[in-house]
Amino acid sequence: MIRIASIIAACALVVISSGWLSAQERSAKPDRGQMIYERHCVRCHGPSGEGNGPDARTLIVPPANFHLWQQRMKTDQELFIAISDGVLFSPMHGWRGRLTDQEIEDVIAYLREIVPFLPVS
């Protein structure tokens, strides 16, 4: 009985640590997010995320201004879905298939650095 309990405990430890290790490998990198943001997002959202990029004035629906409280209060999951799937009835198209999940997480980490008081979730 003790041997079975030891085996179960060892297996549980392996499962728990493997999840922790993979989470450590996937931690978001704001510096990579900045490069992606500057390459793909700045034309609409602007250099500081205020929705005032050079292409913004040509859009019928203005890009998100991440400095507005409605945007600052969005969770990481809400931002991830908006970037991944796009925003209905807006020019914000989905980036799934063009950016990896890790790259989207990196962009979100960068937004958390350039916009004050964004909640971390």
Practice task
Look only at the side chain of H45 and the backbone of P63, and say whether a donor-acceptor pair between them is shorter than 3.5 Å.
Solution key: no

Handout entry: Pairing residues for E78 by the side chain to side chain contact (heavy atoms under 4.5 Å, CB included) criterion, not counting sequence neighbours
Key = K74, T75

Handout entry: Minimum side-chain heavy-atom gap V107-H40 below 4.5 Å
Key = no

Practice task
Report the C-alpha separation of F80 and D101 in whole Å, then their side-chain angles, then the decisive distance to 0.1 Å, and conclude whether the side-chain contact (heavy atoms from CB on, under 4.5 Å) test is met.
Solution key: CA-CA 8 Å; F80 187 94; D101 288 355; 3.4 Å; yes

Completion exercise
For I114 and G49 the tightest heavy-atom approach is CD1-N, 4.2 Å

Practice task
Only pairs at least two apart or in different chains count here, so list each side chain to side chain donor-acceptor pair (under 3.5 Å) that has a residue in residues 56-65.
Solution key: none

Practice task
Identify the heavy atoms of G46 and N52 that sit nearest to each other, and give their distance.
Solution key: CA-OD1, 3.6 Å

Completion exercise
Rounding to 0.5 Å, atoms CG (L99) and CD1 (I83) come to a distance of 8.0 Å

Practice task
Kindly indicate, with the supporting measurements, whether the criterion side-chain contact (heavy atoms from CB on, under 4.5 Å) is fulfilled by V115 and Q71.
Solution key: CA-CA 10 Å; V115 179; Q71 297 298 323; over 6 Å; no

Practice task
Take M35 and D106 through the test side-chain contact (heavy atoms from CB on, under 4.5 Å) and record every step on the way to the result.
Solution key: CA-CA 9 Å; M35 291 186 304; D106 293 342; over 6 Å; no

Handout entry: Side-chain donor/acceptor of R72 to backbone N/O of H67, under 3.5 Å
Key = yes

Exercise for the section: Could you walk me through whether V61 and F89 pass side-chain contact (heavy atoms from CB on, under 4.5 Å), step by step? Expected result: CA-CA 8 Å; V61 177; F89 304 119; 5.9 Å; no

Problem - Donor-acceptor contact present, side-chain E103 to main-chain T100, <3.5 Å - result: yes

Problem - Between OH on residue Y110 and SG on residue C41, distance to nearest 0.5 Å - result: 10.0 Å

Problem - Cluster check M92, I81: I/L/V/M/F/W/Y, side chain < 4.5 angstrom - result: no

Problem - Flag, side chain of R32 to backbone of A28, donor-acceptor distance under 3.5 Å - result: no

